[in-house]
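Scroll down for the structure; my scribbles are underneath it.
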Amino acid sequence: VVLRGVSVESSVITPLPGFVGESVIRFTQPNNGYSNVGVGMEKIALFMDGVDTHGITVVKAYDGVTFNDVTVRNVADTKNGFRFIPNDANPEKVSQTINLFNLYAIHQTENATAPLYYFDTCQEVNLIGCKAFGTWESNLTPSTYENVPQCYGFEFRNSRGITMTGCSVAFTGLHGIRLYAANRNATGLAMYGCTFESLGGILSCEGSALGFVEDVRVISFRREGTVGVGPADIRGFDLVKTRRSYLETKDVTVNIDNQSE
């Protein structure tokens, strides 16, 4: 199933104010044993004003999953714009081969805490030209960027084989990207030519007692505005239990814990 519109300016889905549900759009299977193969969306926008729900959720994506030129605006503070998760029956079963092109997600208020893009137990994920804005710049104090949302732009939990090219994050009080190894190694992030504007940090790699973050490559990122804004003094790169990685850090600071290799 692929939903196709004409453009993000003219093909707009606006849920009614009383809408109740987990997501406005949810790709799922009635049988937890099956995957979502070949699903996606093209040239469609969701306007989420006043709706306390996720924008788009894909449960157990597996092969040929493509989203191209899709916008999710005014996402609620504790919800995700784009969400890729395993099914309840098999929480450790991976989703894979997810291709995302020219996506855009933004929170409605400066009180947001949830990442705009959330990936749980995914692998072989390719993101090209995807944007995450913590909130509208008009919600902030331009000179100091006070009240920056305490959220990440992109969060990858237990995920592997991630490629990000030409993506951007702006106006988040936390790092633009978070890699979290909750209960298995989070292996392989390649990030090329991405932009980070007025936010708390570039990248957070967080291993745990059950896994390392490993094989991270950050090449030729662009920094605009300030890095280290908001209430938390967060650095450019924070590495916890991270190994076998190469980062072009330029002029931002790096914090490495004693469990990293």
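Starting from 1, each residue takes its place in the sequence as its number. The structure displayed is predicted, hence computed values, not measured ones.
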**Study point:** Any donor-acceptor pair under 3.5 Å from S260 side chain to N258 backbone
**Key:** no

Review point. For the side-chain contact (heavy atoms from CB on, under 4.5 Å) test, which of T57, V70, L3 pairs with I25?
Key: L3

Check your understanding: Are the charged groups of E224 and R222 less than 4.0 angstrom apart, N to O?
Key -> yes

Practice item. Say whether S35 and K60, considering side chains only, have a donor N or O and an acceptor N or O under 3.5 Å apart. Key: yes

Check your understanding: For R244, what residues pass the side-chain hydrogen bond (donor to acceptor under 3.5 Å, both in side chains) criterion, not counting sequence neighbours?
Key -> E214, D215

Exercise for review: Please check if the side chain of T172 supplies one atom and the backbone of A170 the other of a donor-acceptor pair under 3.5 Å.
Suggested key: no

Practice item. Determine yes or no for a side-chain-to-main-chain donor-acceptor pair under 3.5 angstrom, with T71 supplying the side chain and A45 the backbone. Key: no

**Study point:** Spacing of E137 atom CD and F171 atom CZ [to the nearest 0.5 Å]
**Key:** 3.5 Å

Exercise for review: Decide whether N74 and D49 meet the rule of one side-chain donor and one side-chain acceptor closer than 3.5 Å.
Suggested key: yes

**Study point:** Exam field: side chain T97 to backbone Y62, donor-acceptor pair closer than 3.5 Å
**Key:** no

Practice item. Verify whether one side chain among S204 and R178 offers a donor that lies under 3.5 Å from an acceptor in the other. Key: no

Review point. Hey, are D69 and K43 close enough for a salt bridge, meaning a charged N less than 4.0 Å from a carboxylate O?
Key: no

Review point. Counting only N and O atoms by type, is there a donor-acceptor contact under 3.5 Å from the side chain of N139 to the main-chain atoms of Q108?
Key: yes

Review point. Okay, side chain of Y117, backbone of K131: is any donor-acceptor separation there less than 3.5 Å?
Key: yes

Practice item. Say whether S7 and E9, considering side chains only, have a donor N or O and an acceptor N or O under 3.5 Å apart. Key: no

Exercise for review: To the nearest 0.5 Å, tell me how far N80 CG sits from I56 CD1.
Suggested key: 11.5 Å

Exercise for review: Take V94 and N158, measure what side-chain contact (heavy atoms from CB on, under 4.5 Å) needs, and give me the verdict at the end.
Suggested key: CA-CA 9 Å; V94 298; N158 288 342; over 6 Å; no

Exercise for review: Taking the side chain as every heavy atom from C-beta outward, state whether M164 and F154 have any pair of such atoms under 4.5 Å apart.
Suggested key: yes

Exercise for review: State whether K79 and D52 are salt-bridged, where the test is any N-O pair (Lys NZ or Arg NE/NH1/NH2 against Asp/Glu carboxylate O) under 4.0 Å.
Suggested key: yes

Revision key, fill the gap. F212 meets the ring-ring contact (aromatic ring centres under 6.0 Å, His included) criterion, sequence neighbours left out, with none

